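The structure presented is a predicted model; accordingly, all values stated were derived computationally and were not measured. Numbering of ligands and ligand atoms starts at 1, following listing order.
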Amino acid sequence: MDLFEYQGKQYFARYGIPISPGEVADTVEEAVAAAERIGYPVVVKAQVQVGGRGKAGGVKLAADRAEVELHAGSILGLDIKGHVVRRLWIERATDIEKEYYASFTLDRAAKLHLAMVSARGGVDIEQVAEEAPEAIARRHVNPLDGLSLADARALAEEAGLDVEALDGAAEVLVSLYRCYVEGDADLVEINPLVLTADHRVHALDAKVTLDDDAAFRHPEWQEFEGTGEIDERERRAKERGLNYIGLDGTVGIIANGAGLAMSTLDVVNQVGGSAANFLDIGGGANADVMAAALEVINSDAKVKAILVNIFGGIVRCDEVARGILTALDRVELSSPIVLRLDGTNAKEAREIIAGRSSDKIISEPTMLSAARRAVEVAGAGLGTETVGGRS
Ligand code: GDP
Ligand code: MN
């Protein structure tokens with residue numbers, strides 16, 4: 001679960017990481033009222049879960065009431081890379097001397113935590129990472145050892161932080177590490193971590209991704225739920241009790257069993273396509289589950305072909321085939337469907353499908369041929385203006 005900046009900062013504050021006083025505001029009036037309480041100058045900040053808000057005009061300094069009105073008015077409703085701003089964070093403006101970068105995340109390959117610190121933080125950190133990776137100091141942290149204040153100071157020094165920032169930065173790093181470990185986060189990032197004109201070290205932005213698998217021991221996380229930007233497709237799937245994960249490709253996927261679903265994604269990739277989702281319908285490949293699955297996949301505008309990959313072990317393929325046809329009567333599909341049914345009673349299943357086959361309902365005998373066909377159909381954009389582009 002990703003947190004908004006204002007939530008991330010509240011999370012940081014629990015671990016003693018210094019942040020600026022601020023308040024959320026959902027309207028221009030609330031923004032002004034918040035600024036009046038906080039005291040000028042303030043910063044008006046768009047709350048969207050996407051980076052680069054500053055460059056997109058979503059972060060503005062306001063010296064007085066009139067400027068808060070102006071900026072809050074222009075930022076609310078602003079579209080930042082497809083995310084529409086519905087909420088603002090108003091905080092006391094900081095007098096910045098230097099902008100640094102600090103983060104902790106998990107290095108899965110090394111099976112260790114990874115700390116990254118740079119003296120070149122701010123809005124161009126991605127560019128720094130690409131053009132001058134040596135400007136980012138990296139250090140693995142063994143979870144059994146933890147991060148001592150001395151380690152943290154050495155890391156800040158290695159990163160080239162200014163001498164006056166070293167002690168403050170070391171304290172922030174130790175607190176940030178605790179926030180990451182005890183707070184069960186997958187990622188904590190401060191960019192920029194600033195050195196203020198009066199030489200304090202302070203978090204000016206917050207990016208926190210919580211580990212959903214740890215939610216059971218954090219009842220307090222409930223306050224974050226429902227405020228996040230959830231994928232519309234995933235919301236629909238959850239409503240229908242489906243095991244669905246949205247992806248970015250054009251081939252919608254339905255399979256029975258998580259392993260088969262994952263293999264299906266791999267095969268689609270292998271033949272040059274890209275999956276629009278992961279969806280495991282488990283053992284319940286009946287008409288209701290199939291219709292629910294098709295509804296969710298159908299709601300995804302990017303999907304250009306649907307691949308159904310069912311292996312009948314306990315479930316019988318002829319039943320699945322009947323279920324699919326019943327589901328197809330209920331859901332009007334906007335893209336063709338390719339079916340691969342194999343296993344128990346596969347022959348009967350194919351006969352049932354054959355009675356209904358068309359250029360929109362295609363049956364294939366193997367997983368590979370079905371994946372090829374689905375990718376081909378998706379590429380040809382059958383059913384759109386490019387019909388007949390490929391055969
Ligand atoms: P991002 O662009 O989405 O990462 O948003 P940030 O919260 O990191 O803000 C972007 C930039 O705005 C920062 O790098 C700062 O340069 C600037 N900024 C943010 N808060 C303040 C502030 O309190 N004072 C000043 N002077 N600049 C700020
Ligand atoms: Mn930032």
Side-chain angles (χ1 to χ4, degrees), residues 2-13 17-25 31 34-35 37-64 67-68 70-72 74-76 78-105 116-130 135-136 159 161-162 165 168-169 172 176 179 185 187-209 228-229:
D2 290 330
L3 300 188
F4 286 99
E5 175 197 5
Y6 74 92
Q7 297 171 325
K9 282 184 168 165
Q10 285 157 11
Y11 212 57
F12 282 177
I17 297 163
I19 55 163
S20 305
E23 292 181 32
V24 291
R37 282 189 289 268
I38 294 163
Y40 299 99
V42 295
V43 194
V44 180
K45 307 187 76 175
Q47 297 301 290
V48 283
Q49 290 175 347
V50 64
R53 294 166 304 162
K55 284 189 176 169
V59 178
K60 293 263 200 268
L61 279 164
D64 54 33
E67 287 189 1
V68 173
L70 179 72
H71 296 320
S74 70
I75 295 174
L76 279 169
L78 187 70
D79 185 312
I80 302 181
K81 301 177 190 164
H83 298 243
V84 178
V85 182
R86 303 259 170 251
R87 177 164 277 186
L88 302 171
W89 171 249
I90 313 294
E91 75 173 26
R92 172 145 339 126
T94 301
D95 199 354
I96 303 174
E97 193 164 303
K98 285 283 179 58
E99 299 196 17
Y100 308 131
Y101 172 94
S103 69
F104 288 96
T105 187
M116 287 192 266
V117 180
S118 177
R120 290 174 59 184
V123 295
D124 292 319
I125 191 71
E126 278 84 9
Q127 202 182 334
V128 172
E130 209 158 282
I136 301 174
L161 267 55
D162 303 81
V172 169
L176 187 63
C179 174
L187 166 75
V188 289
E189 183 187 79
I190 307 178
N191 185 35
L193 173 70
V194 298
L195 174 65
T196 63
D198 55 356
H199 289 180
R200 287 173 302 115
V201 178
H202 190 95
L204 223 59
D205 191 5
K207 183 159 186 219
V208 175
T209 304
E229 297 174 21

Which residue and atom name correspond to the protein heavy atom nearest atom 16 (O) of ligand 1, and how close is it? Glu99 OE2, 2.5 Å
If we ignore hydrogens and angles and just use 3.5 Å, is the side chain of Gln7 paired with the main-chain N or O of Leu3 as donor and acceptor? no
Indicate yes or no for a side-chain donor-acceptor contact from Thr94 to the backbone of Ile96 under 3.5 Å, with no hydrogens or angles considered. no
Roughly how far apart are Ile75 CD1 and Lys60 NZ, rounded to 0.5 Å? 6.0 Å
Which heavy atom in Leu204 sits nearest to a heavy atom in Ser20, and how many Å separate them? CD1-OG, 4.2 Å
Is Val43 close to ligand 1, meaning an N/O of one under 3.5 Å from an N/O of the other? no
How many protein N, O or S atoms are found at a distance of less than 2.8 Å from the Mn ion (ligand 2)? 2
Where is the nearest protein heavy atom to atom 11 (C) of ligand 1: which residue, which atom, and how far? Val123 CG1, 3.9 Å
Asp95 and ligand 1 - part of the residue with a heavy-atom distance under 4.0 Å: neither
Is there a donor-acceptor pair under 3.5 Å between the side chain of Lys81 and the backbone N or O of Gly51? yes
Candidate list Arg87, His83, Arg86, test side chain to side chain contact (heavy atoms under 4.5 Å, CB included), partner Gln47, passing option: Arg87
Is it the case that Glu91 and Tyr6 place a side-chain donor and acceptor less than 3.5 Å from each other? no
Say whether, by atom type as modelled, one donor and one acceptor occur between the side chain of Asp79 and the main chain of Val84 under 3.5 angstrom. no
Provide, to 0.1 Å, the distance between atom 28 (C) of ligand 1 and the closest protein heavy atom, together with that atom's residue and name. Ile96 CD1, 3.7 Å
Atom 12 (O) of ligand 1: the protein heavy-atom neighbour that sits closest, reported with distance to 0.1 Å: Val59 CG1, 3.8 Å
Could you tell me, atom by atom, which parts of ligand 1 come under 4.0 Å of a heavy atom of Ala93? 23 (O)
If you measure from CD on Glu23 to CG on Leu88, what distance do you get to the nearest 0.5 Å? 12.0 Å
Relative to ligand 1, is Thr94 under 4.0 angstrom through side chain, backbone, both or neither, heavy atoms considered? both
For Leu187, is there any backbone N or O sitting under 3.5 Å from a side-chain donor or acceptor partner on Thr105? no
What is the nearest protein non-hydrogen atom to atom 18 (N) of ligand 1, stated with its residue, atom name and distance? Leu204 CD2, 4.1 Å
Looking only at side chains, do Thr196 and Asp95 share a donor and an acceptor under 3.5 Å apart? no
Atom 4 (O) of ligand 1: which protein heavy atom is closest, and how many Å away? Asp205 OD2, 3.2 Å
With a cut-off of 4.0 Å, which atoms of ligand 1 are near a heavy atom of Gly52? 2 (O), 3 (O)
Indicate yes or no for a side-chain donor-acceptor contact from Arg53 to the backbone of Val59 under 3.5 Å, with no hydrogens or angles considered. no
Checking a contact table here: which protein heavy atom is nearest atom 2 (O) of ligand 1, and how many Å away? Gly54 N, 2.8 Å
Winner among Lys60, Glu91, Arg53, Lys45 once heavy atoms are compared against atom 1 (P) of ligand 1: Arg53
